[in-house]
Amino acid sequence: MAEKQHFANYNDFFSFYLEQHSDPRNRMMHACGTSLGILTIIVAFALGHPWWGLLWIPIAYGFAWTGHFLLEGNTPATFGHPLWSFISDFRMLGLMLAGKLATRSAKDKSALTSR
């Protein structure tokens, strides 16, 4: 496993996070996992079995980690920064749904090359 990286703030981490999700197939795996995880929680409560909601964990992370290990070929950021990664999954999904992910990723790449 890679050594834990240190970031000055969440925005620096999010730029790194997007870099770790440069393969569109990996991003789609994350989008599917996050969406199915949310749906799992909703259905579990709707059916009156809230404990089933815990299935969101293997569902969401199963999709995400498959994307990293098999498609992107890197280590999930969750291993070093679990809370920021969890937040970033939803932020990336929001950017994808809003059609703004490409703009944000391009902005991050230009900021990294100008440093």
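In this chain, numbering begins with 1 at the start of the sequence shown. Keep in mind that what you see is a predicted model, and the values were worked out from it rather than measured.
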**By ring-ring contact (aromatic ring centres under 6.0 Å, His included) - contacts of F13 (at least two apart)** =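 With neighbours one apart ignored, the set is F7, H81, W84.
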
**Asked** What pairs with F45 under ring-ring contact (aromatic ring centres under 6.0 Å, His included), at least two apart in sequence or on another chain?
**Response**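 Result, ring-ring contact (aromatic ring centres under 6.0 Å, His included) vs F45: none returned.
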
**Asked** Are side-chain heavy atoms of S15 and R104 found at a separation under 4.5 Å?
**Response**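 In contact.
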
**Beyond-backbone contact of T66 with N26, side-chain heavy atoms, under 4.5 angstrom** = no

**Prompt:** Parallel, tilted or perpendicular: which describes the rings of H30 and H68, with under 30° parallel and over 60° perpendicular?
**Reply:** perpendicular

**Prompt:** Parallel, tilted or perpendicular: which fits the ring planes of W56 and Y61, with parallel below 30° and perpendicular above 60°?
**Reply:** tilted

Check whether [X] and [Y] end up in the same hydrophobic cluster, where Ile, Leu, Val, Met, Phe, Trp and Tyr are linked by side-chain heavy atoms less than 4.5 Å apart.
{"X": "L70", "Y": "L36", "answer": "no"}
{"X": "M29", "Y": "L55", "answer": "yes"}
{"X": "W51", "Y": "I59", "answer": "no"}

**Heavy-atom donor-acceptor pair, S85 side chain to A77 backbone, under 3.5 Å** = yes

Quick check for you: to the nearest 0.5 Å, what is the distance between [X] atom [atom1] and [Y] atom [atom2]?
{"X": "T78", "Y": "Q20", "atom1": "OG1", "atom2": "CD", "value": "11.0 Å"}
{"X": "L97", "Y": "M92", "atom1": "CG", "atom2": "CE", "value": "10.5 Å"}
{"X": "L95", "Y": "L18", "atom1": "CG", "atom2": "CG", "value": "7.0 Å"}
{"X": "H21", "Y": "M96", "atom1": "NE2", "atom2": "CE", "value": "10.0 Å"}

Heavy-atom pair with the smallest gap, counting every atom of [X] and [Y]:
{"X": "G53", "Y": "I41", "value": "O-CG1, 3.7 Å"}
{"X": "P76", "Y": "F69", "value": "CD-CZ, 3.6 Å"}
{"X": "A8", "Y": "D12", "value": "CB-OD2, 3.5 Å"}

**Asked** What salt bridge (Lys or Arg N to Asp or Glu O under 4.0 Å) pairs are there with at least one residue in residues 20-35, not counting sequence neighbours?
**Response** D23-R25

**Message:** Run the side chain to side chain contact (heavy atoms under 4.5 Å, CB included) test against L47 and tell me which residues pass, sequence neighbours left out.
**Reply:** V43, H49, W52

**Item:** With sequence neighbours excluded, residues passing side chain to side chain contact (heavy atoms under 4.5 Å, CB included) with F90
**Value:**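 With sequence neighbours excluded, F90 shows a side chain to side chain contact (heavy atoms under 4.5 Å, CB included) to T34, I38, F86, given in chain and number order.
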
**Prompt:** Which pairs pass side chain to side chain donor-acceptor pair (under 3.5 Å) with one or both residues in residues 86-98, sequence neighbours excluded?
**Reply:**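 For residues 86-98: Y10-S88, Y17-D89.
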
